[in-house]
Amino acid sequence: MLEDINEKCAVVGIHGNNEASKLAYFSLHALQHRGQEAAGISSSNGKKLQTIKKRGLVMRVFDEKKLETLRGFSAIGHTRYSTAGDDSILDAQPVFARYDLGEMAIVHNGNLTNAEEVRNKLIANGAIFQTFMDTENLIHLIAKSEQKKLVDRIIDAVQRIEGAFSLVFLSRTKMFAMRDRFGFRPLSLGKLSNGGYIVASETCAFDLVGAEFIRDVEPGELLIFEKDKKPQSIKVFEPTPKHCIFEYVYFARPDSKIFGQSVYQTRKNMGKELAHVKPVEADVVIPVPDGGVPSAIGYSQESGIPYEMGIMRNHYIGRTFIEPTQEMRDLKVKMKLSPMIDIIRGKRVIVIDDSIVRGTTSKRIVKMLKEAGAKEVHMRVSSPPTTDPCYYGVDTPDKSKLIAANMTQDAICKYIEADSLAYLDKSALLRSVNSKEDNYCTACFTGEYIV
Ligand code: SF4
């Protein structure tokens, strides 16, 4: 699938450690796959907040000198994805504000579904907005709340918003972490080995900074971090879990544990289910790297068909914006992916991808494999057809661009010129993630939206 669908952000928070901003920086490195357009960190030394944010990758935005200026025992950080045309630094996070109780910074992963309505009301009451971000609504709601304490203002504010939010707030002395009642986006809590706590979008950040996973922040839970105290928990909403199943399909790093399970193992389960429900005779199973790798291993183990790295991925080419002609578009895929001709030539190949969004990348991959001499190409997809856009924090093309919303499976197979095409169905996907109850959002496969 490569870059047809993008996670919008990652968040991290460190509290109770004098290396807070450095630990936030390393955590953002581990979370870079969730957003590459901008990065930022705010820190607090108990007296004031400092913020640095800029467009670019984490390692380009920060250096030793900049991190030295972000002193203190607490820091929050963010990496952001944005669409190609949007280059406003104002839309990078953390969002910082001064208000009657002092200073505050916020980072947010998710998407507020009533953002426009809330914003229009705030503007009608005299609020002035600097950015297009729904996160800025929270600053205004907190600043305008009539509650006396920040914690009560945060509770007041989150009761006025709807949708997906994993949030981390920083004040001069405290840090707060909050997840919406559905727990759409992941957020985990860990303990740092040299003192203090960490919250992060994925546990791969914990591994890098030497933190021990404690548990997920519960859907609807607010955690309050104060120096030299254990985090205090407040149940703001009754939890009704609807975790984003696409985190398992594509976004999260395979070495993370999210929603209580290993991402790698879950993807392997998807491949095993796929082999079980959509078998086909073939000589070799290959993944579309990197997303298809664990599922292809699972497919191979279940089917007994040998696994090979039949396609190599070039990791060193960022985004390419030049695509004026058909040949240039084909070249773009070839720059990223190249076939291992000796593995493919003369073989019946099963190629596993995590999803098909527009269909154009799949078409080019099939063409590339056939040009490399594959006798047959059978496309297997480790998720159901993507038929609907996401409103909960994932950047998806409109419905008109989603191939499965506009073509039957047979028509897609013909369009991508594969010898066969099969997807994992919803019930097999739910089995792969061990969903005993209906704990997952699957709206981009079903159109059944939760909020
Ligand atoms: S619609 Fe899809 S991508 Fe969005 S939260 Fe639900 S499962 Fe995740």
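Numbering of ligands and ligand atoms starts at 1, following listing order.
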> Among all protein non-hydrogen atoms, which one is nearest to atom 4 (Fe) of ligand 1, and what is the separation to 0.1 Å?
Replying inline: Cys390 SG, 2.3 Å

>> Over 60° means perpendicular and under 30° means parallel, so tell me whether His140 and Phe129 are parallel, tilted or perpendicular.
In response: tilted

> Which atoms of ligand 1 sit under 4.0 Å from any heavy atom of Ile245?
Replying inline: 7 (S)

> For ligand 1, which atoms, with element, lie under 4.0 Å from some heavy atom of Ala443?
Replying inline: 1 (S)

> Where the closest heavy atom to atom 2 (Fe) of ligand 1 is concerned, which of Cys444, Gly110, Gly447, Ala164 has it?
Replying inline: Cys444

> Which distance, rounded to the nearest 0.5 Å, do you find between the NZ of Lys53 and the CG of Asp91?
Replying inline: 8.5 Å

> Does the ring centre of Phe246 sit less than 6.0 Å away from the ring centre of Phe445?
Replying inline: yes

> In the protein, what heavy atom is nearest to atom 8 (Fe) of ligand 1, and what distance, to one decimal place, separates them?
Replying inline: Cys244 SG, 2.3 Å

>> Side chains of Arg267 and Ser262 only: does a donor on one sit below 3.5 Å from an acceptor on the other?
In response: no

> Measuring to atom 6 (Fe) of ligand 1, does Cys441 have an N/O/S atom at a distance below 2.8 Å?
Replying inline: yes

>> Are Tyr307 and Tyr299 an aromatic pair, judged by ring center distance below 6.0 Å?
In response: no

